[in-house]
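These numbers come from the heavy atoms of this one structure, side chains and all, not from hydrogens, waters or symmetry mates. Since we're looking at a predicted model, the values are computed, not measured. Numbered from 1 within each chain, the chains take letters A, B, ... in sequence-line order.
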Amino acid sequence: MRLTRLLTFRSIRSRSLRFLLSAFGIVLGVAGLLAIRSTNQAALGSISTLFQNTSGLAKLTVTSSAVDEAGFSEDILSSIQKLDKIKVIDPMVTIRTDLADKERSQELDIGLFGTSDGGLLLHGVVPALEQMTRNYKLVNGRFLSDDLKEREIVLVETYAEDEEIVVGDLIKIITPNGDKELKVVGLIARDGPGQTNNGSFGVIPIQAAQEMFNRSDNLDQIDIVPENSNPSTAELSALRVELQERIGKEYSVTYPSGQGERMTQMLQNYQIGLNFMSGIALFVGAFLIYNAFAMTVIERTREFGVLRTIGMSRSQVMGQVFIEASMLGVIGAGLGVVLGIFLARGLTRLMEVILNQQIDNVLVSSPDIMFSFLLGIGITFLAAGLPAIQAGRISPIEALRVRGKSKEGWIIRYGWIIGILLLGGSVFLLVLNPFPYDVQFRLGSITVFGLFTGATLLIPVTVGVWEIMVRPLMKWIYGASGSLGSRNVRRSRSRTTLTVAALMVGVAMVIMVRGMTESFSGDLKTWINAYLGGDIYVTSTVRLRNDVGNRIQSLDGVAAVTPIRYFNVDWKTPTGETETINFMAMDVTAYTQVTDFVFSGNTVDPQQAIENLKKGQTVFISSVLAEKYGLSLGNTVSLKSRGGYKDFLVVGIVVDFYNQGLVVQGDWETMRRYFNIRDASTFLVKVDEGQSVEQVQGVIDDLYGKRYHLNLISNETIRKSVVTLMDQAFSMFDVMALISIVVGSLGVINTLTMSVIERTQEIGMLRAIGTTRGQIIKMVLAEAALMGVIGGILGLGTGIVLARILFIGMTTMSGYQLTFVLPPEAIGISLVMALVISQIAAIPPAIRAARVRILEAVQYE
Amino acid sequence: MSVLEAKEVRKQYKMGEHLVNALDGVDFQVEKGEFVAIMGPSGSGKSTLLHLLGGLDGPTEGNIILAGQPLARLSERKATLVRRHNVGFVFQFFNLLPTLSAEENILLPVIIDGKDQRKYKERLNSLLELVGLTDRRHHKPDQLSGGEQQRVAIARALVTEPAILLADEPTGNLDSKTGTLIMELLNRSCNELDQTVIVVTHDAKAAAYADRVIFLRDGVIVEELKPPKSMPLAERLRGIMGTMEKLEA
Ligand SMILES: Nc1ncnc2c1ncn2[C@@H]1O[C@H](COP(=O)(O)OP(=O)(O)OP(=O)(O)O)[C@@H](O)[C@H]1O
Ligand SMILES: [Mg+2]
């Protein structure tokens with residue numbers, strides 16, 4: 001055993017670079033897995049706990065089912081009180097406002113969940129009831145007194161810090177009746193209910209809120225805490241039905257935790273991508289290891305043969321490989337865990353930016369650590385297993401053979417059968433797609449594995465065909481040495497296969513990432529440009545009255561202004577369910593002056609569609625909805641208006657990704673008539689030709705900024721930040737693709753170096769009979785180029801299929817219908833890339849080949 | 001006119017501290033069409049000499065003139081081209097490219113030179129006939145026996161009609177019957193194609209085919225046999241054995 005260990009250490013030391021490289025593979029795989037896993041969990045967890053925490057013990061929430069956001073009368077409270085099984089009935093008024101003397105922000109927070117303009121969210125509450133519902137952690141001062149009219153407020157600690165507010169201060173907030181003062185009596189931790197609205201949150205007594213904001217006897221929400229603090233689903237559902245029946249259809253009774261679901265769902269799209277990538281990271285890691293061990297075994301064939309002749313048993317030989325594997329596994333997985341913990345931090349920050357949502361608990365859990373650590377070791381063993389078995393099979397005779405033709409394993413000879421089965425199976429799964437709603441994307445990952453492995457297994461039997469097809473090209477580029485080098489790829493089919501597969505994975509990743517980015521950003525950019533049309537984007541933390549738009553319109557230098565209002569509306573899906581979607585209303589005439597509608601496809605005459613939209617009781621629906629529910633022009637959608645469900649005629653299909661594409665667009669008049677909403681969320685302003693945007697923005701700000709609490713941002717700025725956001729979101733994928741390419745080139749270096757070492761004598765002979773160094777270099781380059789071509793073509797194929805898998809996964813999950821655009825230049829680029837990588841990676845082994853010392857080579861026996 | 005001329009050739013190898021005189025002043029000439037065998041005990045410098053003659057390495061001192069061209073201090077590239085055009089090598093091992101057929105292996109020097117292979121069709125056919133592998137021309141090396149492989153190697157060495165064919169123990173790896181076949185082949189190429197051949201060998205029986213036998217010891221020529229053309233093989237063999245015994249004593 002000591003001998004075995006000694007030999008293993010020697011082997012590792014003499015191949016330290018390769019050892020490091022393959023350790024790098026496992027480090028990467030484990031780190032990626034751990035980081036992605038923990039980040040996913042942290043993100044999902046913090047979103048769902050956010051809603052759990054912020055809803056406290058409330059198990060049901062009553063809101064108005066009207067969409068006008070005008071709240072409802074307090075009278076309802078008495079009819080709820082008649083129900084038993086209820087412990088607390090907690091009424092609440094929610095108010096969006098802001099500090100009166102706050103520096104108005106010049107920036108818009110943009111995340112995948114839409115935009116948020118900051119602002120301060122206030123809950124008007126009955127302190128006694130509210131404290132029975134939610135657990136406020138007071139860190140300073142006291143909670144609200146029981147006087148419901150007292151002008152006092154409790155703020156979240158972090159918000160107070162940011163705004164430099166301390167307990168005892170008087171703060172001024174914006175109300176419809178001018179700025180009003182409130183006394184800060186306490187601060188709560190940013191925890192539980194303190195997490196509401198990302199911490200920009202405060203509570204005030206309910207009657208004070210109603211007075212200040214003209215909401216007397218009016219509520220927005222009633223939280224219900226049942227007698228049984230931990231009711232079963234059935235119990236809760238029964239209570240919900242009972243409550244709903246009692247209070248009638250004007251109200252809706254929902255589960256508060258349900259609010260988190262929408263956010264969670266949005267997050268899932270991104271997660272599919274990441275899970276997919278972490279699967280690939282592991283594949284790549286396993287691949288590097290297999291590659292390295294296979295090489296080592298080839299190199300040590302003689303040594304193993306000698307050891308076998310002197311009486312070492314098969315299992316002892318295999319043991320040597322496994323000792324090496326276990327060292328590699330432990331070191332690699334260990335480093336991977338460390339790296340993963342750091343990576344998780346980084347990834348979490350990235351997620352926060354993308355989601356515009358603070359993510360807590362970046363804690364990498366020890367089960368996760370154990371899992372990825374063991375998985376890393378397991379994969380190392382698995383990947384090293386095949387080479388180990390090969391090593392065990394080495395016969396003593398092989399040590400004596402001067403240049404024995406190495407036996408080809410059954411994998412090389414019969415692997416194609418498995419390959420075809422795997423490819424067939426993957427395609428089958430793809431077409432069938434039995435579990436479309438799997439967040440973890442398990443099936444998708446399996447198909448990825450199946451696809452890569454299947455394609456890899458097909459390489460050995462097809463190498464000959466490839467070689468004959470590409471040889472003329474190699475001859476054309478590299479001359480006589482080109483055709484000699486080309487033939488060399490047939491010699492060790494297993495090795496060629498490994499290298500080609502490495503290149504294939506690299507190219508496939510690039511194709512996939514590029515295709516995805518391209519498809520996304522293509523649609524996304526057109527939409528963003530229309531969505532953020534015009535030159536200035538005007539929002540406010542308080543409600544905007546429509547006449548603000550008219551005032552801006554009348555200013556010099558302003559060409560057109562359109563109000564835009566977003567609100568949630570329930571609709572009956574064609575499948576009969578009720579779903580909340582977003583209604584975007586705009587003044588159609590003004591809107592077309594400021595920006596354009598982006599119609600999906602060429603189905604309608606834009607002019608006609610716009611006219612139809614102005615007619616009223618008509619909508620444009622997003623392409624996402626159209627795809628998801630098979631809606632088309634002339635169909636109707638049933639939206640819940642103030643008079644109950646009404647049918648709206650679909651007169652256009654537009655590209656709109658707002659609210660994940662769950663959006664319909666309608667005219668301002670339609671909104672007023674059917675939904676009774678009159679205020680605006682934003683104004684889009686277009687300045688006159690030749691006018692400076694900055695200047696007009698300044699004029700608007702000077703005149704109305706302060707008065708209407710406007711935030712003015714140039715659309716240019718927003719567009720830039722959206723693009724930045726998109727780039728950030730996609731950068732993760734680019735990194736993964738880059739890593740795959742690096743792995744691919746490591747594969748090329750590895751293989752060719754091995755080939756050169758193995759063929760030292762042959763190269764010596766060639767040199768002896770008059771082959772120049774340049775010709776030898778060209779020969780190696782040609783060998784690499786051929787592998788590059790095969791890898792490039794296969795990578796292109798698998799890449800396209802993979803991108804489709806990913807798209808299908810995303811589409812079924814989200815309804816995003818993305819048309820897969822494979823940028824035509826991507827085909828060229830991927831092939832050129834595979835070639836260039838192969839050539840660059842081939843340089844070191846080629847130089848090594850050119851330096852072969854003829855005399856030593858020909859004398860060697 | 002001599003095809004090859006070695007003038008006061010010395011070759012020293014540095015082995016750490018001390019120097020090894022692998023060749024210690026070797027002087028001889030080889031005429032066109034001559035068949036020379038080099039013999040000597042292990043370590044006497046035979047291979048070293050052959051490598052210098054073929055331009056695989058440069059002498060420490062002295063010069064070698066091959067087909068009128070001095071080889072000493074040639075650039076690496078020039079030496080390569082000299083080997084390509086003027087020298088044919090046959091080694092004990094590693095003579096063939098396993099990816100190429102017998103025929104392609106024979107044409108390898110032509111391929112490397114980037115010349116039109118079709119122009120060598122006749123040459124190829126006659127060489128295949130000479131080495132008796134016409135019906136094996138499309139076989140890969142691993143489908144050929146050791147002797148057949150060496151025959152391919154000889155044909156390859158002859159294909160460019162080099163000024164000189166150098167063989168280092170071409171029969172060392174073969175049984176004696178196959179070895180004899182190879183030596184006869186080299187002899188025939190000498191007689192029929194007027195090819196100049198230099199063979200390094202341990203085997204007296206192999207050396208008996210040569211027109212001249214040079215004996216090396218400790219890097220110097222210690223004896224030379226030049227039996228008349230008419231002398232039968234058995235008698236030549238006896239002469240060589242006798243000289244070997246005499247030198248060993
Ligand atoms: N690269 C080298 N470095 C140092 N010494 C060398 C080198 N090559 C050869 N020698 C030495 O030069 C001497 C001659 O070697 P050479 O290989 O020419 O002998 P040889 O006659 O061919 O022997 P053999 O019959 O065993 O092949 C030997 O003493 C050998 O050790
Ligand atoms: Mg020798």
- prompt: Relative to chain B, which of Ala480(A), Gly774(A), Ala768(A) shows the most heavy atom pairs under 4.5 Å?
  reply: Ala768(A)
field: Ile769(A) CD1 to Thr80(B) OG1 distance, which is reported to the nearest 0.5 Å
entry: 11.5 Å
message: Would you compute the distance between atom CE of Met765(A) and atom CG of Leu97(B) and round it to the nearest 0.5 angstrom?
response: 4.5 Å
- prompt: Just wondering, do Thr99(B) and Arg490(A) contact through their side chains at under 4.5 Å, heavy atoms?
  reply: no
- request: Go through Leu108(B) and Thr771(A) one step at a time and tell me if the side chain to side chain contact (heavy atoms under 4.5 Å, CB included) criterion holds.
  value: CA-CA 10 Å; Leu108(B) 193 56; Thr771(A) 312; over 6 Å; no
Close side-chain approach of Arg84(B) to Thr772(A), heavy-atom, < 4.5 Å: yes
message: So does Arg767(A) get a backbone contact from the side chain of Arg83(B), meaning a donor-acceptor N/O pair under 3.5 Å?
response: yes
message: Taking CD in Glu76(B) as the centre, count heavy atoms belonging to other residues, nucleotides or ligands within less than 6.0 Å. Is the count above 12?
response: yes
query: Within a reach of under 6.0 Å around CG of Asp218(B), are more than 12 heavy atoms found that belong to other residues, nucleotides or ligands?
result: no
message: Nearest 0.5 angstrom please: Leu484(A) CG to Ile111(B) CD1, how far?
response: 6.0 Å
Top contributor to chain A interface from Val87(B), Asp57(B), Leu100(B), Leu81(B) [non-hydrogen pairs under 4.5 Å]: Leu100(B)
field: Crowding at CZ, Arg137(B) (>12 non-hydrogen neighbours, <6.0 Å)
entry: yes
